[in-house]
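Reading through the structure tokens given below for one structure.
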Amino acid sequence: MKLERSFYLNPDVVAVARSLLGKYLYTNFEGKFCGGMITETEAYRGVTDRASHAYGNRRTPRTEVMYQEGGLAYVYLCYGIHSLFNVVTNGKDSPHAVLVRGMVPEFGLDHMTERLNKKSITAKNTNGPGKLTKALGIHFSHTGLNLRGDRIWIEDRGILIEDDKITTGSRIGVDYAKEDASLPYRFVLQSF
DNA sequence: CGGCCGATCCACT
DNA sequence: GTGGATCGGCCGA
């Protein structure tokens, strides 16, 4: 059920972002098993995408994981507070990634509720990239983890998402990316 | 090595 | 609907 290595090696990161909708993201930290269905993603198309951290083939200790072969987690700190979870895709030295921005919580609800300091949890509590990492216990120190390992992984549970259930649009917070800011690289599964 | 700022969230109004 | 929180990365000097 775990997504195969070949899924992550797809050179078309926009297609990967689209096909991650309806897949299930799981974590298991300290014996706390959690997971849910992915409902929102954004594609970051490597060295030619001004919105990508790897634009212009920029390599830093932080972005180095994006240059590895697809199938790793790229987690970085945003605004000094939020850990944002990305899926590294494509082959080595093709630094593509998909940002996971939303999910519907389904497994380990008690663990996620506790991490969020709430009394209960709904999809509204995991509908942002910083919120879902907090619920799942993903921290920027987890960057580089293999997504076919036993701490963070993604499964296909056979859910088929029709095109008419998806809204496509421009990515969030990428105004600085000039002509790339308006590219339709954001995918949102409706009714969640 | 100093300083600026970001792929955000939430409490408060 | 708005401002404050809060800090690592990275650029420029």
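Quick note on labels: first sequence line is chain A, next is B, and so on, each numbered from 1. Since we're looking at a predicted model, the values are computed, not measured. Computed from heavy atoms alone, side chains included, the values below leave out hydrogens, waters and symmetry copies.
The phosphate of dC11(C) has OP1 or OP2 within less than 4.0 Å of a side-chain N or O from R58(A). For dC10(C), the OP1/OP2 oxygens have a side-chain nitrogen or oxygen of T60(A) closer than 4.0 Å. Look at H53(A) and you'll find a side-chain N or O under 4.0 angstrom from OP1 or OP2 of dA7(B).
Across all strands shown, the partner of dC12(B) is dG1(C), judged by Watson-Crick or G-U wobble contacts whose two distances both fall under 3.5 Å. Nucleotide dT6(C) forms no Watson-Crick or G-U wobble pair with any nucleotide shown, as no partner meets the under 3.5 Å limit on both distances.
A centroid separation of 6.0 Å or more is found between the aromatic rings of H139(A) and F29(A).
K2(A) places a side-chain N or O within donor-acceptor distance of the main-chain N or O of G149(A), the cut-off being under 3.5 Å.
As a whole-Å value, the separation of R50(A) CZ from dA7(B) P is 14 Å. Spacing between atom CG of N125(A) and atom P of dC9(B) amounts to 12 Å, rounded to whole angstrom units. Summarising the geometry, the separation between OH on Y44(A) and P on dG6(B) is reported as 14 Å, rounded to the nearest angstrom. Look at CD on E40(A): it is 13 Å from C1' on dT8(B), rounded to the nearest Å. Computed from coordinates, the H142(A) NE2 to dG8(C) P distance equals 16 Å when rounded to whole Å. Rounded to an integer number of Å, the gap from NE2 of H82(A) to C1' of dA5(C) is 9 Å. Rounded to an integer number of Å, the gap from CZ of F187(A) to C1' of dA7(B) is 16 Å. Going from atom CG of L84(A) over to atom P of dC7(C) covers 16 Å, rounded to whole Å.
What you find for D180(A) and T48(A) is that their closest heavy atoms are OD2-O, 3.5 Å.
In this structure, a donor-acceptor pair under 3.5 Å is absent between the side chains of H96(A) and S94(A).
Remark on DNA chain B: of its neighbouring residues K124(A) and V174(A), the 5'-side contact belongs to V174(A), judged by nearest-heavy-atom nucleotide.
Here K134(A) lies out of heavy-atom contact (under 4.0 Å) with every strand. Nucleic acid contact for R62(A): sugar-phosphate only, since backbone atoms but no base atoms lie under 4.0 Å from a heavy atom of the residue. Using a 4.0 Å heavy-atom distance criterion, I172(A) is classed as a sugar-phosphate-only contact. Within 4.0 Å of I81(A), counting heavy atoms only, lies at least one base atom of the nucleic acid. Nucleic acid contact for R59(A): none, since no nucleic acid atom lies under 4.0 Å from a heavy atom of the residue.
The aromatic rings of H53(A) and Y76(A) stand perpendicular to each other, their planes meeting at an angle above 60°, with 30° marking the opposite boundary.
The ring of Y79(A) does not lie on top of the base of dA5(C); it is either too far (5.5 Å or more) or too tilted (30° or more).
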